[in-house]
Amino acid sequence: MKSFLFFLFSVLFWQHAFAGDILFLDINNAIPEIQVVQDYMDKEKIKDNGPESSQVIIPSMQPLNQEIFSHLSDSDIGPESKLIIVPSMQTYSMKKRQRIQELTAVMNDMKHKDVLKPGGDYPRKIFNLGKVIRWHKTGDPNRDYRVIDFLPELKAVLNNDSFDFDRVFISGHHGSNYGSMSGVLGGEFFNGLTVDDLKKLLNKSSTTRNVSSLILLGCKTAINKLMERDGIAWAAVLPNSLLQFGFNETSPVKTDELNLAIIREILEIQTLISLYKDDQNSEIDLDTILQRIMKIKRGNRYLGFRFNNKYYQYPKHFVE
């Protein structure tokens, strides 16, 4: 065991394989999850280029930390991996994202109190707060941000040949559409993004042809009926990915440290996948990667995934 862990440590910190860009579909206003991905990319860039080149520029959007990035210009952008978020930071600045998150938390608390003590003034307050949230999203208190607003931005990103994605994260609350074989995603930004929407866009884009891993940050994304069989539900989205990862029961909330720790481990596994693809004669093989996936510190969560076209649950767990 110690020799195996030492080997992985050595691989991750002393070898380098060029990794492609990361596409992060942010349905749930996943600020902490995005920051974990950004931090990991920053560390990878320090490792490759030294501390003087430690900052990452994210083209086509405002950076996550504007103080850190304010001294850099477009001329500083090199060939390093890029993090592309949809909806972008131009659509929703970090300040606006944070405000929407705060207001949504207040609304959810009101809804909870209304269930516990119905008959009060909460419905009116919830209605009025909904108008404020819609105004922050669209500038119109009577119009919400919807999937039809999201899809054109995603299409524009996927049609941009300057991107070459090898990792895709999708963060949103997940449902299986009342027992159907199609997953549906929603969250703080909007609801109603389906497996079929993503199949049509992600599977047909030249920018995603090299994707090695699809990471689904939502409940029950990796239950057997939605991921076990080829061509069904989430198994049909980017089906050539070496890894399609999700949860085989409820997932942690986006702010949960367990959730963020799992994402960090997934990012390290993605680095192993990049190294494997970069040199298939190296000491990294498919079994090495599979062992590393199985060692994810999952807490009390049930995880599931497809790896190299085979479905795994761990621990074994029947949900639906």
Side-chain angles (χ1 to χ4, degrees), residues 22-35 37 58 60-62 64 83-111 126-159 168-178 180 182-203 205 208 214-221 226 233-234 237-238 246-247 250-251 253-255 259:
I22 297 178
L23 177 62
F24 196 111
L25 304 188
D26 182 19
I27 294 117
N28 195 34
N29 195 13
I31 298 169
E33 295 174 346
I34 291 171
Q35 191 64 62
V37 176
I58 307 174
S60 304
M61 61 190 218
Q62 297 173 9
L64 297 182
L83 172 59
I84 307 301
I85 305 167
V86 184
S88 73
M89 292 291 168
Q90 289 179 334
T91 302
Y92 290 119
S93 67
M94 183 53 63
K95 182 178 180 180
K96 186 169 287 189
R97 278 174 146 89
Q98 290 168 341
R99 186 57 178 154
I100 291 170
Q101 181 172 268
E102 292 165 359
L103 293 173
T104 302
V106 173
M107 174 178 276
N108 289 339
D109 184 58
M110 287 182 181
K111 289 179 178 178
I126 291 168
F127 176 79
N128 290 334
L129 185 55
K131 284 181 166 289
V132 176
I133 294 172
R134 288 192 292 273
W135 180 83
H136 278 285
K137 288 181 178 180
T138 66
D140 183 343
N142 298 310
R143 190 179 80 82
D144 209 347
Y145 184 85
R146 297 173 294 170
V147 68
I148 60 173
D149 301 302
F150 172 84
L151 291 177
E153 185 170 355
L154 176 56
K155 289 177 184 177
V157 166
L158 294 174
N159 289 333
V168 176
F169 288 82
I170 305 178
S171 180
H173 299 303
H174 176 258
S176 58
N177 202 19
Y178 304 106
S180 80
S182 179
V184 181
L185 293 164
E188 281 187 22
F189 282 144
F190 66 95
N191 296 307
L193 183 66
T194 68
V195 163
D196 288 338
D197 292 328
L198 294 169
K199 281 167 56 179
K200 290 175 185 175
L201 295 175
L202 296 180
N203 292 8
S205 172
T208 55
L214 170 67
I215 309 303
L216 301 162
L217 303 172
C219 297
K220 299 185 179 181
T221 47
L226 296 181
W234 291 113
V237 177
L238 297 169
F247 289 86
T250 55
S251 62
V253 298
K254 61 185 178 182
T255 56
N259 177 52

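D149 has its side chain within reach of R143: a pair of non-hydrogen atoms, C-beta onward, lies under 4.5 Å apart. Two residues are said to be in side-chain contact when any heavy atoms from C-beta on lie closer than 4.5 Å; L25 and F150 meet this criterion. The closest side-chain heavy-atom distance from L158 to L23 is below 4.5 Å. Taking 4.5 Å as the limit, some side-chain heavy atom of R97 sits within range of a side-chain heavy atom of I85. Contact annotation: the side chain of I27 approaches that of L193 to within less than 4.5 Å [non-hydrogen atoms, C-beta and beyond]. Using a 4.5 Å cut-off on side-chain heavy atoms (C-beta onward), L185 and L216 make no contact. The shortest distance between side-chain heavy atoms of E33 and N28 does not fall below 4.5 Å.
Scanning all heavy atoms of the two residues, the minimum distance from A30 to S171 falls at CB-OG, 3.5 Å. In plain terms, the two heavy atoms of A233 and V195 that are nearest each other are O-CG1, 3.5 Å. Nearest approach of T250 to C219, heavy atoms of both residues: CA-SG, 3.7 Å. Of all heavy-atom pairs between K254 and E188, the closest is NZ-OE2, 2.8 Å.
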Next on the checklist: The test is side-chain contact (heavy atoms from CB on, under 4.5 Å); show your working for D26 and V86 and say whether it passes.
Outcome noted: CA-CA 6 Å; D26 182 19; V86 184; over 6 Å; no
Item to check | Trace of the side-chain contact (heavy atoms from CB on, under 4.5 Å) decision for I170 with L198 | outcome: CA-CA 10 Å; I170 305 178; L198 294 169; 3.8 Å; yes
Item to check | Intermediate values then yes/no, side-chain contact (heavy atoms from CB on, under 4.5 Å), L226 and K220 | outcome: CA-CA 8 Å; L226 296 181; K220 299 185 179 181; 5.7 Å; no
Checklist entry - After noting the C-alpha distance and the side-chain angles of M107 and I126, does the key distance pass the side-chain contact (heavy atoms from CB on, under 4.5 Å) rule? => result CA-CA 6 Å; M107 174 178 276; I126 291 168; 4.1 Å; yes
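Ring geometry for Y145 versus Y92: interplanar angle over 60°, hence perpendicular rather than tilted (30 to 60°).
Side-chain atoms of D144 do not come within 3.5 Å of backbone N or O of R146 as any donor-acceptor pair. Listed for the H173 side chain is no donor-acceptor partner under 3.5 Å among the backbone atoms of G187.
How far NZ of K200 is from OG1 of T194: 7.0 Å, rounded to the nearest 0.5 Å. To the nearest 0.5 Å, the span separating CD on E153 from CD on Q90 amounts to 8.0 Å. For the atom pair CG of L201 and OG1 of T208, the computed distance is 9.5 Å after rounding to the nearest 0.5 Å. Here L151 contributes atom CG and D197 contributes atom CG; the two are 5.0 Å apart, rounded to the nearest 0.5 Å. Atom CG of L217 is separated from atom NE2 of H174 by 12.0 Å, given to the nearest 0.5 angstrom. Rounding to the nearest 0.5 angstrom, the gap separating the CD atom in Q101 from the CD1 atom in I31 is 4.0 Å.
F247 pairs by the ring pair (Phe, Tyr, Trp, His ring centres under 6.0 Å) definition with nothing, not counting sequence neighbours. A search for side-chain hydrogen bond (donor to acceptor under 3.5 Å, both in side chains) contacts involving S205 returns T207, not counting sequence neighbours.
The environment of NZ in K131 is crowded: more than 12 heavy-atom neighbours from other residues, nucleotides or ligands sit within 6.0 Å.
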